[in-house]
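Here the structure is a predicted model, which means the values were calculated and not measured. One is the number of the first residue; the rest follow in order along the sequence.
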Amino acid sequence: MWRDESVTYQVAHRSLGDLWALLGRIDAVHGLYYLLMHGVFALWDGGLVALRLPSVAATALAAAGVGAIGHRLAGARAGLSAGLVFAVLPVVQEFAQEGRSYALVCAGVTWATYAFLRALDTGRARWWTAYALLLALACWLHEFAGLALLAHGLTLWRQRVPRATWRRWGAAAAGVAVSVLPLALFSAGQSERQLGWLGRPGVALWLQFLTISAAGALLAWLLTRRSGGASRRLVTLALPMLVAPAGLLMVVSLVKPWYVERYVLYGMTGLALLAGAALDRAIAHRDRLVPATRALTACLLAAAAVAVLLPWSSLVRSPESRKDDVVAVAHAVEKAARPGDGVLFMPARRREWLMSFPDVYARVDDLALAGSPTASDTLQGTELPADGLRRRLLAADRVIALTDPPGQPLDPFPQEVVKRRVLKTSFQVCDRTAVRGAQIIVYARRC
């Protein structure tokens, strides 16, 4: 479990009243997801399995949706191939086993896209209604699902649909916008606390985006080079979904940092559709090869796929794929703690490392805590002012500090400065344990 999953676990276990009060202060953008997880834990408090099971189910549902879209656009084999490609993409596997909303958002956008396709084919109002409802649901799970509207608009433009279709789509899009407007307006006031930790996309992120976009463009070119309308129609749907939401968010993030890969996970449906159609084309043309060459080519391609995907697939199932490991932190604190020990979270937001382990947290005295997360309607609680914190810290004999790894930026807030100064001048470092994304440092008056 990493820190974001720990937040889900803690918040979903609060009462509905406490959860509602929290959303009034922060994290309203995840409110529907927290309510869903509250219901999951009310039915079955199954720990990590219950935390991640909705994401697993949503990813399976999204893969089925990709298959359904591919089937409709390019045939059964292309649909099956696209669904399988989607399921084995490492980034999809990563968020399939994470207790956050992104897999559910992906499922909602995928099936909204299927309804969009059916609406284009039939013109029936029920499909436009289904499209609007599914996309609105996805937006309530995370507002950036609304960027799929940009991709769908580009699809209509590339397909040169009649004005009547534009009007129907415009009405559905307006319905989505109106339905999510209250959430957007309310969460805008929380955006600094919600997204203030983000930085502008660096060179590595731009290279990643450009590489994936180029791969999609290459597949699109191969599909449309010598083909009829079916492949072109798939390309006009899949390529905008892959490029437009992520691209817009990347460009906006040059001014206002908002881009995180998982916010537009649903863009991978576009890559899977393109790859599935390309696989279908390759299988259809296999008869052009002599039998010996055909078998050798199939073996080489299979070996290459395993060589590329297996290491990534293994990595996303390990703690090393996450920023930190709150389970390892809790075990380290449990091992180091003695009766009467104090604990400091440096910075204060790292309190989330222990909040999902109340038995361990109860063994230590939280020296800086002024109001608990539940009592203060916050995610990590509130802390004492600097002077009160200094007095409490100087009265302690032994302190366990939970800090970021060396080299991370230090918060400039007065409480954080006091924590660092008092520990440095009045205590000795007796033990230091490094775990994934964190370190546990034991301080004492004398070791």
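Judged as a side-chain contact (heavy atoms from CB on, under 4.5 Å), and not counting sequence neighbours, the contacts of Q10 are S6, E352, M355, S356. Contacts of W312 classified as ring pair (Phe, Tyr, Trp, His ring centres under 6.0 Å), with partners at least two apart in sequence or in another chain: none. Residues meeting the ring pair (Phe, Tyr, Trp, His ring centres under 6.0 Å) test with H13, sequence neighbours left out: Y9, F41.
Within the model, atoms OG1 of T378 and CD1 of I26 stand 8.5 Å from one another, a figure rounded to the nearest 0.5 Å. For the atom pair CG (L61) and CH2 (W111), the distance works out to 6.5 Å, reported to the nearest 0.5 Å. Considering CG of L219 and OG of S231, their distance stands at 11.5 Å, rounded to 0.5 Å. Rounding to the nearest 0.5 angstrom, the gap separating the CG atom in L104 from the CG atom in L36 is 6.0 Å.
Within 6.0 Å of CZ in R317 there are more than 12 heavy atoms belonging to other residues, nucleotides or ligands. Annotation for W206: atom CH2 counts as buried by contact number, over 12 foreign heavy atoms lying within 6.0 Å.
In this model, a donor atom of one side chain and an acceptor atom of the other lie less than 3.5 Å apart for E143 and S187. Between the side chains of Y263 and W258, no donor-acceptor pair is found at a separation under 3.5 Å.
The salt bridge (charged side-chain N to carboxylate O under 4.0 Å, His left out) pairs that include a residue from residues 54-67 number zero, where partners must be two or more places apart or lie in different chains. Under the side chain to side chain donor-acceptor pair (under 3.5 Å) criterion, the residue pairs touching residues 50-66 are E5-R52, with sequence neighbours excluded. For residues 404-416, every residue pair satisfying the side chain to side chain donor-acceptor pair (under 3.5 Å) rule, not counting sequence neighbours, is listed here: R349-D411, R350-D404, E416-K419.
Put simply, the side chain of D325 does not reach to within 4.5 Å of the side chain of V435, judged on heavy atoms. Looking at Y34 and H38, their side chains never come closer than 4.5 Å, going by heavy atoms from C-beta outward.
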